Structure formats: C-alpha cells, structure tokens
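Both counts, for ligands and for their atoms, begin at 1 and track the order of listing. Everything numeric here is computed off the predicted structure, so don't read it as measured data.
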Amino acid sequence: MSQDTFCVVFHAQIPFDRIPHQFKSGPMFLQALEDGLKKADADPSVKAVMICGENGKFSAGADIRGFSSPKTLGVALGPIVSLIESSEKPVVAAIEGVALGGGLEVALGCHYRVAHAKARMGLPEVTIGLLPGAEGTQRLPRLIGVPAALDMITTGKHIPATEALKLGLVDEIVEENTIEAAIRLANKVIGQPLGPRRLSLKPVPKLPNMEAFLQEAQVKVKRQARGFLAPELCFQAVQAATQRPFAEGVRRERELFQVLLSSGQAQALQYAFFAERAVHRWATPGGINLLFIIFDSILLLSLGLGTMGQGIVTSLVKANIPVVALEQNLEYLNKGRKAVMVLLEREAKKMEGGAQKLDFHNPARLQFTVDFNLLHDVDLVIEAVFENMALKKEIFHKLSNICKPGALLCTNTSALDIDEIASATSRPQQVIGTHFFSPAHVMRLLEIIYGRHTSPSAIATAMQLAKDMKKVGVVVGNCFGFVGNRMMFPYVEQAVFLLEEGSRPEAVDQVLEDFGFKIGPFRMSDLAGLDVGWRSRKGQGLTGPSLPAGSSARQRRGQRYSPLPDLLCERGRFGQKTGKGWYQYERAGGRTATPDPWIHGFLSQYRDTHRIETRYIDQEEILERCLFSLINEGFAILAEGIASGPEHLDVIYLNGYGWPKHRGGPMFYASTVGLPRVLAKLQKYSEAHPDVPKLRPSAFLKKLVAVGNAPLKEWMSYLSRQSPKL
Ligand SMILES: CCCCCCCCCCCCC[C@H](O)CC(=O)SCCNC(=O)CCNC(=O)[C@H](O)C(C)(C)COP(=O)(O)OP(=O)(O)OC[C@H]1O[C@@H](n2cnc3c(N)ncnc32)[C@H](O)[C@@H]1OP(=O)(O)O
Ligand SMILES: NC(=O)c1ccc[n+]([C@@H]2O[C@H](COP(=O)([O-])OP(=O)(O)OC[C@H]3O[C@@H](n4cnc5c(N)ncnc54)[C@H](O)[C@@H]3O)[C@@H](O)[C@H]2O)c1
C-alpha cells in the first residue's frame with residue numbers, strides 16, 4: 001500500500017484543541033467524525049485511517065461547559081468510539097499534546113496508538129465529578145489491566161507518554177513527527193487481522209487475587225473520597241468491566257455516568273474548574289499592564305529558611321528558577337540547608353524517570369548564604385522571617401537600601417499590613433504580599449496581596465511567578481488576614497465557642513470531616529501549632545502581658561472572646577509538636593490524634609468556673625455555625641472589594657484550606673444551600689449570641705436575598721460600588 005492512497009480522514013478537522021470556542025462545537029465535530037469514518041469505510045481506495053488533532057493537540061475531551069446543556073448530551077460519543085473500533089480498515093491515533101477524557105476514549109477505539117514523547121494522556125473525568133462516559137471504563141482495563149486502569153480512572157491523573165508506553169497504553173512513542181509515524185505504522189499493519197486489536201473483544205487481564213484486590217481498592221477509594229461520589233462510581237464502572245461482558249459493562253457505565261451527571265457534585269467541580277481559570281485573568285482598573293519576567297533568567301532571593309522558607313526554596317528550584325537562600329546566621333543557615341536538601345532529594349526521587357531533572361547541586365542554581373551583600377544582584381526577594389511587624393519593617397528598610405532599583409520585594413506574611421511593611425521602604429510600588437501556604441512546596445495556593453502603592457507590573461510579576469511555580473495565584477486586597485485567614489478566623493472562633501457551650505473537639509472535627517474537610521479545625525490547630533495563634537493574639541493585646549488589667553475573662557473590646565486556646569498554651573499544650581493540644585498524641589511530634597480525657601475534664605471545669613450551662617449541640621448547629629460564619633465573612637470581603645468575585649474566595653478555599661472540591665468552595669456552597677437559608681440561620685444564631693459580631697449577617701448577603709436570591713454569577717453586579725481596591 002503506498003502512502004498516496006492512504007486517507008488521513010480527520011487531520012486538521014477534529015476540534016481537538018484547547019480553545020474554548022472550538023470545544024463548543026463538539027457535537028458538530030462528532031458528526032463530522034462519524035461521517036468521515038463512514039466515508040472512509042465505504043471508499044475502496046482508502047486502506048487505512050489515521051486520526052489526529054489540530055495544532056499539535058489531540059483532544060482535551062468533551063466541552064465541559066456542554067455538560068449543562070441537554071442538547072450536547074444528546075450526542076453520544078460511545079457509539080462513535082465503537083464505530084471506529086469496528087472499522088474494517090486499521091485506524092491509528094496520532095497523539096500529540098494531550099489526549100484526555102473523551103479524547104483518550106477516541107484513541108482507545110483506534111486499533112493502534114502512536115504518541116509524541118511529550119504527549120500526556122488521562123481520563124480526568126473524576127476531577128470534574130464524572131466518569132469516562134464513552135466506554136473508557138470498559139476498554140482501558142482490557143488494555144492495561146485493572147490496577148493501572150483503576151488508578152488512572154479514580155485519580156484522573158495525566159500520565160506522560162513514556163509511562164503510557166510502559167503500561168501498553170500506546171504502541172509507539174516518537175520524538176519527531178507523530179503523524180508521519182502514525183501513517184508509517186498504518187501502512188505496515190494494512191492487511192493484518194484487526195480482531196486482536198479491538199479492545200471490546202479482549203478479556204480483562206486476570207489477576208490471581210482479583211476479588212481481594214478489588215475489595216481493598218474499594219476501601220481505599222471510599223476512605224479517600226470523604227463523601228465525593230465520583231471516585232466510588234468510577235470504581236464501580238471498572239468493577240463492572242471485571243464482572244460483565246463488554247456490552248453490559250458499557251450499559252453500567254452509562255447508568256453510573258447519568259447518576260454523576262445529575263449530581264450537584266459534578267456541577268460544583270465544573271464550577272471549580274472554570275473558577276480556577278477565571279482567577280488567572282487579572283487586569284488593573286486601567287486595563288491590562290503586564291510585565292512578563294522570564295524567571296529562569298532572574299535571580300531570586302529567599303530570606304529566612306524556616307518552615308516556609310524551606311518550602312519556598314524547594315518550589316523555586318522545582319520551577320527551575322535560580323535562587324539564593326539567606327539566613328540570619330550560620331546555625332540557622334545550616335539547619336535550613338539540611339532541611340531543603342532533604343526536601344529536594346525527595347522531590348528528585350519523585351521525578352526519577354521523567355523528562356525534567358532537578359539541578360540543585362549547582363551553585364549557579366541554588367546557593368546558601370548569610371551574606372547580605374548578595375542582595376545587590378537579585379531581581380526578586382521573598383522574605384519569610386518571623387511574623388513580627390518590627391522585624392519585617394527592619395528587613396524591608398534594609399532591602400530597600402541594598403537591592404537594585406528594579407528589584408521586587410515580596411513578603412510572606414500570614415496577616416500583617418502590607419502598606420505598613422512597604423512604608424519602611426523607598427519603593428512601596430515594588431512591595432507586595434506573597435502568602436504561601438504550608439507546606440509551601442506542596443500547597444498550590446499563593447495569595448498575592450497588593451498594597452495601596454503596589455504597581456500593576458509588580459502584581460503581574462507575582463502572578464507570573466505563581467504560574468511558573470505551578471501554583472494558583474489569586475490577587476486580593478490588603479486587610480488583616482487577607483482573604484483566606486480572615487474567613488478562617490470566625491470559623492475557628494465558632495468551633496471554640498462550641499466547646500465552651502458543651503461540645504468536644506472530636507465532635508466538632510467529626511462534623512466538619514464528614515462534610516468533607518480532610519481535617520477539622522482542632523486537628524488543624526494541633527497540626528499548625530497552637531502557639532502560632534497565641535503569639536498573634538499576644539501581639540494584638542488580646543492576651544498576655546499587654547492585656548489591660550481587670551479585663552473580663554470572656555470579653556474583649558465588647559465582644560465575646562474565648563480564652564480556651566490561651567489556657568492550653570499556658571499549660572504548654574501547643575499541639576502535635578508538644579504531644580498535647582486539643583488532642584493527645586503518642587509523643588511530641590506524633591501525628592495520631594486521640595481524644596484526651598484531660599481536655600474533657602478541663603472543659604467541664606472551665607464551664608463550671610464560668611457558669612456556662614453545658615448543652616447538647618447537634619451536628620446541624622456545629623456545621624452551620626462554623627461554615628456560615630466563614631461564608632458571612634466572605635460576603636463582607638466581597639462588599640469591601642478585597643476580592644473581585646466569589647470565584648476568588650472559592651479558589652482560595654479549594655487550594656489552600658482543604659475545602660472539599662465536590663462542594664465547590666464556600667461561596668458556591670452558600671449558593672447551593674440558598675442565600676435565604678444562610679441568612680435566616682445567621683439571623684437565628686446572631687440573636688442567640690448577640691455579642692458575636694461575626695454571626696451578624698453581612699449587609700451584602702441581605703441585599704442579595706432582598707433582590708431574590710441572586711445567582712452567584714450575578715452577585716457582583718449588586719454591589720453599589722465596584723471594588724475600590726482592584
Ligand atoms: C472528543 C470528545 C467530544 C465530545 C462531545 C460531547 C459528547 C458528550 C457525551 C458524553 C460522553 C463522555 C465523554 C467523556 O468521557 C467526558 C469528557 O471528556 S469530560 C472532559 C475531560 N477533559 C478534561 O477534564 C480536560 C480539562 N482540561 C485540562 O485539563 C486543561 O485545560 C488542559 C487541556 C490540560 C490544558 O491546560 P492548560 O494548557 O493549562 O490550559 P487551560 O487549562 O488554561 O485551558 C485553556 C482554555 O481551554 C479551556 N478548556 C480546557 N479544557 C476544556 C474542556 N474539556 N472543555 C471546555 N473548556 C476547556 C479552559 O477552560 C481554558 O479556557 P478559559 O477558561 O481560560 O476561557
Ligand atoms: N508556618 C506556616 O504555616 C505559615 C504559613 C503561611 C505564612 N507563614 C508566614 O511565613 C513567615 C515565616 O514563617 P515560618 O513558619 O517559616 O517561621 P519560622 O520561625 O519557621 O522561620 C523564620 C526564619 O526566619 C529566619 N530569620 C529571622 N530573622 C532573620 C533575618 N534578619 N535574616 C534572615 N533570616 C531571618 C529565622 O532564622 C528562621 O529560620 C511568617 O511571617 C509566617 O506568618 C507561615
């Protein structure tokens with residue numbers, strides 16, 4: 001068979017690109033795919049078919065926006081995949097860029113798959129609350145076996161071509177022209193029997209202990225899902241492949257797909273997908289003013305090598321950005337260097353076998369120093385010293401004097417005023433907050449806080465830095481605690497008040513963990529260290545030596561205050577690090593939390609001392625008081641223009657605070673609960689606790705209810721004055 005008689009049916013025709021408007025025409029292209037296949041089958045001059053994408057990308061799958069449109073859903077991809085597979089002529093997929101979701105399912109229908117070495121593949125439907133709905137759950141296990149298929153389908157991970165080759169997912173990988181290679185392969189296989197290449201006809205490879213394997217896998221999936229439906233249903237679809245003939249498995253897959261499609265969870269996850277992308281689009285009031293810095297050619301300095309500095313340096317090295325790490329003295333430097341090296345060795349191990357290598361033994365890429373003179377040459381500084389305003393100001397004054405004029409000065413603070421820090425410099429326009437989350441080399445969120453004088457190009461540079469570090473940068477305004485921590489304060493405050501009134505740490509944590517948080521507020525405090533908040537409260541004059549004499553035990557500045565966390569700290573209970581906090585641990589530094597009878601006794605004694613009547617608090621009240629107070633603060637933040645939309649708050653919570661993804665973020669969750677209900681509950685709790693201002697419904701929430709429970713995407717249009725800060 002010569003190449004000129006070979007027909008490339010879909011080259012440059014399938015919308016397998018990532019440009020949104022092309023996704024929108026999915027059903028039309030499906031029709032084109034079907035028509036083309038039928039034409040190729042009917043044409044005797046065509047001996048083989050090759051399917052490829054346009055612009056170097058195979059396909060990112062179905063248009064996610066289309067899942068909310070019944071019109072799109074009428075078009076089924078599964079039968080087309082079957083049509084490909086049943087073709088009497090060999091069909092070869094030429095995979096470049098990505099083959100994800102429906103795209104990979106199309107490739108699985110092909111008889112052969114050739115991939116470019118840089119291509120990535122996956123069935124990420126689970127990450128948007130669905131399962132592969134075009135027969136992928138039935139074909140993939142037949143091709144690569146149940147354990148690998150289950151892993152890919154229940155996690156949605158993207159795998160590189162090299163791994164796909166090892167798994168047998170592709171037949172060949174090439175460095176050069178994938179399309180030519182696919183055509184070559186197609187020419188080679190013309191005339192060979194296609195039966196063995198049709199995955200629907202293959203049995204699922206047997207495991208000696210399939211039953212036991214599946215049982216164990218199901219337990220693991222359930223444990224990790226914490227109320228998230230899609231992984232469990234993905235599991236069931238793959239399980240069906242092991243128990244039923246192909247056609248019945250496909251029927252089961254469809255049923256399960258429908259269950260997920262109509263679940264609110266899929267909606268929440270799809271909202272989160274687009275919200276994350278929406279927060280990338282950032283512009284100043286006067287229009288876009290972007291300064292693109294190519295980070296691999298700049299020198300970045302990380303100041304302070306404590307918990308945060310270590311993670312930040314690790315992230316920078318992973319992003320291939322040259323970095324200098326500076327500490328106050330040799331003792332801290334050596335300690336920090338050791339810790340960074342451990343982290344980097346671990347990261348390098350994870351990356352073994354991949355295309356990228358970590359270059360951290362090269363002093364041109366990473367150096368450690370106590371020499372402040374090195375500050376002269378750096379383009380960007382990230383300060384991560386202790387959370388102390390006087391110290392940060394002293395450091396910024398020094399930076400302003402030493403660093404070259406164009407250098408950007410970033411502060412990694414949890415809550416401090418960016419303007420006050422900037423006031424210590426002669427270049428406040430180049431001062432910006434970059435709030436990383438711990439562990440900084442793992443957590444994806446980066447809150448980017450601009451001060452009164454921060455320039456748009458400084459913001460753009462910080463956003464670019466986030467992108468290069470593969471983090472989600474969210475631009476927010478300057479206020480105490482910024483967005484994430486500010487919303488967290490009332491949540492934790494309510495959790496502690498609930499203890500005063502009769503609850504126990506493990507009861508409160510259980511309710512929030514059942515809701516989907518990985519850890520509840522008390523486990524979280526123990527992990528972060530109770531001393532961190534204690535230091536901050538002492539700094540604010542809420543406790544400790546600066547508390548005015550004669551202050552009431554449970555009131556501060558006319559508001560309810562709980563001294564419980566301070567009392568624990570005074571007894572040396574700092575959480576995991578001391579082996580005791582809200583829970584007890586097996587040892588100092590231990591991680592297994594066990595309810596502590598001492599805490600129970602302490603709480604009942606505390607209630608007696610303060611004459612608080614112990615009452616039974618049900619799960620609904622625990623959940624509502626914690627979550628609705630956090631959400632209420634979110635509305636206040638929006639009204640003040642600290643964030644430019646509810647998506648920003650949701651992206652922060654999903655990526656930095658362990659908010660369960662299948663609930664879409666706190667503001668999305670509020671919209672699903674219904675704003676009138678959130679308002680009514682806040683009103684009720686506020687009446688019961690008039691000395692707790694954070695329970696008083698925000699004026700913005702009231703307004704949104706008054707205009708008829710406005711849908712989330714319209715909320716911001718009801719603000720009388722648009723964000724003054726952005
Ligand atoms: C061949 C299939 C046609 C199907 C037609 C409809 C039939 C319906 C029948 C149902 C049968 C089930 C089929 C299947 O099992 C279900 C699916 O396929 S679900 C989709 C699965 N795919 C994904 O989840 C991939 C999601 N995308 C990504 O992971 C990334 O975007 C990317 C592709 C890896 C690219 O990453 P980046 O380079 O970083 O770029 P961005 O992420 O910023 O994206 C750029 C731009 O594109 C938009 N976009 C990306 N993917 C999709 C998508 N699948 N649908 C809609 N839009 C998409 C993204 O939102 C960005 O646009 P912006 O939001 O910035 O405007
Ligand atoms: N730990 C967290 O979970 C977390 C999360 C987000 C933000 N933050 C913020 O990050 C900052 C750092 O926190 P951390 O937990 O890493 O603190 P840390 O105590 O672990 O480390 C601070 C480091 O700064 C160094 N340092 C102090 N003065 C210095 C100086 N003059 N020059 C150079 N180095 C100096 C110290 O030697 C120490 O190693 C704080 O502002 C904190 O609020 C912390």
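Side chain of Gln367 to main chain of Val324: no donor-acceptor pair is present (N/O by atom type, distance under 3.5 Å, no hydrogens or angles). In this structure, Lys471 contributes its side chain and Ala440 its backbone to a donor-acceptor pair below 3.5 Å.
Of all the heavy atoms of Leu123, none lies under 4.0 Å from any atom of ligand 1, so neither backbone nor side chain is involved. With a 4.0 Å cut-off on non-hydrogen atoms, Glu105 touches ligand 1 through its side chain and not its backbone.
Under a 4.0 Å N-O distance rule, the pair Glu85/Arg139 qualifies as a salt bridge. Under a 4.0 Å N-O distance rule, the pair Glu387/Lys392 qualifies as a salt bridge. With respect to Lys577 and Asp531, a salt bridge is recorded, a charged nitrogen being found less than 4.0 Å from a carboxylate O. Salt-bridge annotation for Glu34 and Lys38: present, with a side-chain N of the basic residue lying under 4.0 Å from a carboxylate O of the acidic one. The pair Arg486-Glu447 does not meet the salt-bridge criterion, since no charged nitrogen lies less than 4.0 angstrom from a carboxylate oxygen.
Nearest to atom 53 (C) of ligand 1 by heavy atom, out of Gly61, Ala62, Gly133, is Ala62.
The Gly102 neighbourhood of ligand 1 comprises atoms 14 (C), 17 (C), 18 (O), with distances under 4.0 Å to a heavy atom of that residue. Applying the 4.0 Å criterion to heavy atoms of Gly101 picks out, from ligand 1, the atoms 18 (O), 21 (C). Short contacts between ligand 1 and Phe67, defined as distances under 4.0 Å to a heavy atom of the residue, involve ligand atoms 16 (C), 19 (S).
Within the cation-pi definition used here (under 6.0 Å to the ring centroid, within 45° of the axis), Lys661 does not qualify as a partner of Phe228.
In this structure, Phe273 has no ring pair (Phe, Tyr, Trp, His ring centres under 6.0 Å) partners at least two apart in sequence or on a different chain.
Ring orientation note: the planes of Trp534 and Phe574 are tilted relative to one another, at an angle of 30° to 60°. Between Phe437 and Tyr657, the two ring planes are perpendicular [angle over 60°; tilted spans 30° to 60°].
Using a 4.0 Å heavy-atom cutoff, Pro124 is listed among the residues neighbouring ligand 1. Taking a 4.0 Å cut-off on heavy atoms, Pro132 registers as neighbouring ligand 1.
Ligand 1 has an N or O atom lying under 3.5 Å from an N or O atom of Arg277, backbone or side chain. No N or O atom of Leu77 sits closer than 3.5 Å to an N or O atom of ligand 1. On a distance-only criterion, Glu125 and ligand 1 share at least one N/O pair closer than 3.5 Å. Where the criterion is an N or O separation shorter than 3.5 Å, residue side chain and backbone included, Ile128 fails it with respect to ligand 1.
Proximity of the aromatic rings of Tyr491 and Phe517 is defined here by a centroid distance below 6.0 angstrom, and this criterion is met.
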List below, pair by pair, the N or O atoms of ligand 2 and of the protein that are less than 3.5 Å apart, including the distance to 0.1 Å; reply 'none' if no pair qualifies.
unit_1, atom_1, unit_2, atom_2, d
ligand 2, 8 (N), Ser414, OG, 3.2
ligand 2, 10 (O), Asn412, O, 3.2
ligand 2, 10 (O), Asn412, ND2, 2.9
ligand 2, 16 (O), Thr307, N, 3.2
ligand 2, 16 (O), Met308, N, 2.7
ligand 2, 20 (O), Thr307, N, 3.0
ligand 2, 20 (O), Thr307, OG1, 3.2
ligand 2, 34 (N), Glu327, OE1, 3.4
ligand 2, 34 (N), Gln328, N, 3.4
ligand 2, 37 (O), Glu327, OE1, 2.8
ligand 2, 37 (O), Glu327, OE2, 3.2
ligand 2, 37 (O), Gln328, NE2, 2.8
ligand 2, 39 (O), Gly306, N, 3.4
ligand 2, 39 (O), Glu327, OE2, 2.5
ligand 2, 41 (O), Val385, O, 3.3
ligand 2, 41 (O), Glu387, OE1, 2.5
ligand 2, 41 (O), Lys392, NZ, 2.7
ligand 2, 41 (O), Asn412, O, 3.2
ligand 2, 43 (O), Glu387, OE1, 2.8
ligand 2, 43 (O), Ser414, OG, 2.6

